[in-house]
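Shown next, in structure tokens, is the structure this report addresses.
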Amino acid sequence: MKVLRSSRAMSAWAEERRLEGRRLALVPTMGALHAGHVALIRRARRVADCVMVSIYVNPTQFCAGEDFEKYPRVEHEDVVLCKQEGVDVVFAPRNLYAADASTRVEETVLSRDRCGVSRPGHFTGVATVVAKLLNICRPHVAVFGLKDFQQCQVIQRMVRDLDFGVRLVFVPTVRERDGLAMSSRNRYLSEEERRLAPNFYRILCDGVRKGMGEKIIARELEKVGFQVDYVTHSCGRLCAAVFLGSTRLIDNVPLKKEAEGD
Ligand code: PAF
């Protein structure tokens with residue numbers, strides 16, 4: 001398995017595979033890979049001949065005061081995992097932006113509510129880096145996790161609006177045995193916070209099952225120690241973001257049972 005650092009080398013690798021007639025899938029990540037990412041990689045393998053994983057902690061999607069500096073960077077472990085999963089190439093650039101970069105991709109509707117309120121500019125950072133990764137890697141398919149539901153919506157809209165010509169596959173959230181959604185940020189949780197964290201998913205599921213309103217669900221979350229950012233219904237899902245100490249957690253559950261999505 002190759003680890004490529006430059007956009008040019010990555011594009012050349014992808015172009016060669018395309019000329020050989022291979023179907024390429026890209027799994028964009030910020031590293032600190034966990035079982036959720038493994039599910040994306042395995043799904044990518046099912047729909048393509050070659051799997052590319054990008055590992056890049058994208059500075060433009062972090063807002064001022066967020067955890068960009070302390071975001072976990074464990075590239076060696078990530079590369080070992082990718083090798084074990086039969087990934088064909090890891091794209092791990094040191095930097096993706098020219099010093100005088102002055103162009104951004106901004107989605108102006110779906111990115112505005114929910115996380116867009118408390119993280120202004122976040123989705124512009126995401127859309128811009130995903131656009132760059134799609135242009136560099138030229139995949140036939142790109143695979144994302146539904147835990148970041150709003151991110152999936154924004155990327156889907158961007159791909160449609162800007163005619164990227166890539167098929168998007170969205171993979172259901174992978175959870176710990178106690179229900180907590182897998183996330184690279186879970187490693188920030190103290191022992192006590194980790195013990196409380198599964199209540200997030202439990203309360204959202206209860207909320208859906210009992211048809212509770214958003215305000216009541218928010219109150220239930222606060223009762224067990226979460227500071228609620230938002231609880232809202234959107235596109236057939238109950239979506240929420242909470243803080244546990246200084247760690248921000250997001251999750252969402254479908255209002256109706258759903259089939260594996262793409
Ligand atoms: O979901 C993520 O890990 C990131 O937002 C992504 C899509 C890799 C863009 O940096």
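If you're wondering where the values come from, they're calculated on a predicted model, not measured in any experiment. Each ligand, and each atom within it, is numbered from 1 in the order the structure gives. Values reported hereafter were calculated over all heavy atoms of this structure, with side chains retained and with hydrogens, waters and symmetry mates removed.
For the pair Arg73 and Phe68, the cation-pi test (distance below 6.0 Å, angle within 45°) is passed.
Tyr188 OH to Glu193 CD: the interatomic distance, rounded to the nearest 0.5 Å, is 12.5 Å. Atom CZ of Phe123 sits about 13.5 Å away from atom OG1 of Thr108, to the nearest 0.5 Å.
For Ile155, no heavy-atom contact with ligand 1 is shorter than 4.0 Å.
For the pair Gln151 and ligand 1, the shortest N or O to N or O distance falls below 3.5 Å.
Of all atoms in ligand 1, numbered sequentially from 1 with element shown, those under 4.0 Å from a heavy atom of Pro28 are 8 (C). Near Val129, meaning under 4.0 Å from one of its heavy atoms, ligand 1 places the atoms 9 (C), 10 (O). For ligand 1, the atoms closer than 4.0 angstrom to any heavy atom of Thr29 are 8 (C).
Ranking the protein heavy atoms by distance from atom 9 (C) of ligand 1 puts Gln61 OE1, 3.3 Å first.
Looking at Gln151, its side chain never comes within 3.5 Å of a backbone N or O of Gln153 through a donor-acceptor pair.
The shortest distance between side-chain heavy atoms of Leu133 and Met10 does not fall below 4.5 Å.
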